Amino acid sequence: MRRARLRHYLMCPPTYFDVVYSINPWMDPSVQVDRALAIRQWSGLVEAYRSTGHRVDLLDPLPGMPDMVFAANGATVVVGHTLLAKFANQEREAEVASHAEWHRRNGILYGAGNMPEPSAVNEAEGDFATLSRRILAGYGFRTSLQAHRELVALTGREVISLELVDPRLFHLDLALAVLDDERDHIAYYPEAFSKQSRELLAALFPDALIANRHDAYTFGLNAVSDGLHVFIPSGARQLREDLAAAGYWPISIDLSELSKGGGSVKCCTQEIRPALIAPSRPSALHAEDSIPVPTIPSQQPAGASS
């Protein structure tokens with residue numbers, strides 16, 4: 001039985017979306033962007049979220065920042081604690097101030113805890129996938145291993161580092177999707193990862209759905225799930241059938257225009273994961289909120305056994 005859980009998302013309209021530079025293999029500045037179509041497609045995603053009961057808040061788009069629509073890259077929020085992005089490419093650096101301001105202004109909505117200034121390069125939910133007690137973290141192209149340690153220190157959770165090796169799947173959210181963050185059910189494309197990381201994923205998630213190359217390269221894993229509904233890019237074929245067979249309700253979303261920038265559903269969606277109990281002042285998580293697994297190589301909270 002699958003169960004939907006209401007979510008809180010932060011998104012940014014593609015008012016100024018364009019492809020004017022190339023910082024990933026999908027971006028080609030010579031290809032024309034239909035901005036009106038991009039806005040219609042993005043609006044369809046927002047409506048799909050709201051029609052299934054989810055809250056969507058909007059970040060104000062700013063001129064000169066064509067990639068702000070990919071809001072997942074701006075910050076990671078885990079039980080109220082926020083780690084802002086520190087982008088690998090200077091073209092996106094200016095986006096961080098807008099995310100920081102939104103979280104400072106609206107943190108009361110989710111019981112905001114710590115929001116330290118990041119010191120290591122990280123591209124937020126592009127490379128961080130939150131499960132019930134752990135966080136999966138990608139590295140190899142955009143996010144550094146040092147950022148994984150920062151996330152451990154901020155959240156008190158075990159962070160499992162996964163090496164990405166396919167340049168076309170340069171973020172974790174292009175190679176892996178969290179389908180059920182209460183039961184830790186995921187889908188992923190094995191060839192996106194190094195041999196060691198593939199073995200680790202197979203050991204940790206024996207019931208995972210395995211995506212094929214076609215679905216991975218049509219952004220099928222750049223999906224968002226509430227535990228029942230899976231908002232999945234329309235180009236995915238086999239994965240959509242596998243989701244239905246596993247008891248999920250796949251909802252196809254056409255973001256073909258935004259895919260020219262190298263992103264799709266998840267890239268457009270930053271999830272706000274509220275504090276379990278809103279703190280009266282910024283504080284660290286209690287030790288019982290972390291379950292270290294000493295037999296599995298990972299980044300663990302300070303003081304955890306190894």
Side-chain angles (χ1 to χ4, degrees), residues 1-9 54 72 76-81 83 124-139 143 148 151-152 154-164 171-190 192-193 196-211 215-216 220-232 239 242-250 265-266 269-276 285-301 304:
M1 295 292 293
R2 302 298 177 187
R3 183 174 71 91
R5 184 163 56 84
L6 295 183
R7 309 296 174 125
H8 180 186
Y9 298 133
H54 304 303
T76 303
V77 181
V78 180
V79 288
H81 300 285
L83 181 65
E125 289 194 312
D127 277 318
F128 297 143
T130 301
L131 299 174
S132 61
R133 295 284 180 171
R134 306 172 185 170
I135 300 171
L136 305 180
Y139 72 97
T143 295
H148 297 189
L151 198 59
V152 171
L154 179 66
T155 67
R157 294 194 174 194
E158 183 189 19
V159 171
I160 298 171
S161 299
L162 301 168
E163 184 181 12
L164 298 163
H171 274 153
L172 184 67
D173 69 358
L174 297 174
L176 180 150
V178 176
L179 304 175
D180 186 334
D181 57 6
E182 291 183 325
R183 300 178 181 178
D184 290 358
H185 192 215
I186 68 169
Y188 68 97
Y189 174 55
F193 299 92
Q196 183 177 10
S197 293
R198 289 199 303 272
E199 292 172 351
L200 183 56
L201 285 166
L204 285 172
F205 307 103
D207 64 342
L209 301 186
I210 303 302
D215 286 358
L221 290 161
N222 198 241
V224 169
S225 175
D226 62 17
L228 171 63
H229 309 97
V230 181
F231 305 89
I232 182 171
L239 183 57
D242 293 344
L243 287 167
Y248 295 100
W249 185 345
V265 175
K266 176 56 192 169
T269 312
Q270 182 183 136
E271 183 167 351
I272 308 300
R273 300 174 184 84
L276 300 178
L285 289 177
H286 297 296
E288 58 265 28
D289 288 324
S290 173
I291 300 181
V293 181
T295 58
I296 297 171
S298 60
Q299 306 291 335
Q300 294 187 329

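Here the structure is a predicted model, which means the values were calculated and not measured.
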Hey, is the main chain of [Y] close enough, under 3.5 Å, to the side chain of [X] for a donor-acceptor pair?
{"X": "Arg2", "Y": "Trp249", "answer": "no"}
{"X": "His81", "Y": "Thr76", "answer": "no"}
{"X": "Asp226", "Y": "Leu6", "answer": "no"}

### Task
Taking side chain to side chain contact (heavy atoms under 4.5 Å, CB included) as the test, write out the residues that go with Ala192, two or more places apart.
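Side chain to side chain contact (heavy atoms under 4.5 Å, CB included) list for Ala192, sorted by chain: Leu169, Ala175, Tyr189.
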### Message
Run the side chain to side chain contact (heavy atoms under 4.5 Å, CB included) test against Ala129 and tell me which residues pass, sequence neighbours left out.
### Response
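If we apply the side chain to side chain contact (heavy atoms under 4.5 Å, CB included) test to Ala129, skipping adjacent residues, the hits are Leu136, Leu172, Leu176, Val178.
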Find out whether [X] and [Y] are in side-chain contact, i.e. whether some heavy atom of one side chain is under 4.5 Å from a heavy atom of the other.
{"X": "Lys266", "Y": "Leu174", "value": "no"}
{"X": "Leu201", "Y": "Pro190", "value": "no"}
{"X": "Phe128", "Y": "Thr155", "value": "no"}
{"X": "Phe193", "Y": "Leu164", "value": "yes"}

Nearest 0.5 Å, what's the [atom1]-[atom2] distance between [X] and [Y]?
{"X": "Asp207", "Y": "Asp184", "atom1": "CG", "atom2": "CG", "answer": "9.5 Å"}
{"X": "Leu83", "Y": "Leu151", "atom1": "CG", "atom2": "CG", "answer": "6.0 Å"}
{"X": "Asp173", "Y": "Leu221", "atom1": "CG", "atom2": "CG", "answer": "9.5 Å"}
{"X": "Asp242", "Y": "Leu179", "atom1": "CG", "atom2": "CG", "answer": "10.5 Å"}
{"X": "Ser225", "Y": "Ile186", "atom1": "OG", "atom2": "CD1", "answer": "12.5 Å"}
{"X": "Glu163", "Y": "Leu200", "atom1": "CD", "atom2": "CG", "answer": "12.0 Å"}

Taking all heavy atoms of [X] and all of [Y], pick out the closest pair and write down the distance.
{"X": "Arg134", "Y": "Leu204", "result": "NH1-CD2, 3.1 Å"}
{"X": "Glu182", "Y": "Ser132", "result": "O-CB, 3.8 Å"}
{"X": "Pro250", "Y": "Ile232", "result": "CB-CG2, 4.2 Å"}
{"X": "Ser161", "Y": "Ser197", "result": "O-OG, 4.4 Å"}

### Task
State which residues pass salt bridge (charged side-chain N to carboxylate O under 4.0 Å, His left out) with Asp181; sequence neighbours excluded, sorted by chain then number.
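So Asp181 forms a salt bridge (charged side-chain N to carboxylate O under 4.0 Å, His left out) with Arg5, Arg7.
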### Task
With sequence neighbours left out, write down each residue that passes salt bridge (charged side-chain N to carboxylate O under 4.0 Å, His left out) with Arg273, or none if nothing qualifies.
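With sequence neighbours excluded, Arg273 shows a salt bridge (charged side-chain N to carboxylate O under 4.0 Å, His left out) to Glu125, Glu271, given in chain and number order.
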### Query
Residues in ring-ring contact (aromatic ring centres under 6.0 Å, His included) with Tyr188, at least two apart?
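ring-ring contact (aromatic ring centres under 6.0 Å, His included) check on Tyr188 returns nothing, list empty.
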### Task
List in chain and number order the residues that pass ring-ring contact (aromatic ring centres under 6.0 Å, His included) with Phe231, two or more places apart in sequence or in another chain; answer none if no residue qualifies.
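Residues passing ring-ring contact (aromatic ring centres under 6.0 Å, His included) with Phe231: Tyr49.
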### Message
For a side-chain contact (heavy atoms from CB on, under 4.5 Å) check, start with the C-alpha distance between His8 and Val77, then their side-chain angles and the critical distance, and finish with the verdict.
### Response
CA-CA 11 Å; His8 180 186; Val77 181; over 6 Å; no
### Message
Does the plane of the ring in Tyr248 sit parallel, tilted or perpendicular to the ring in His185? Use 30° and 60° as the thresholds.
### Response
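Tyr248 and His185: parallel rings.
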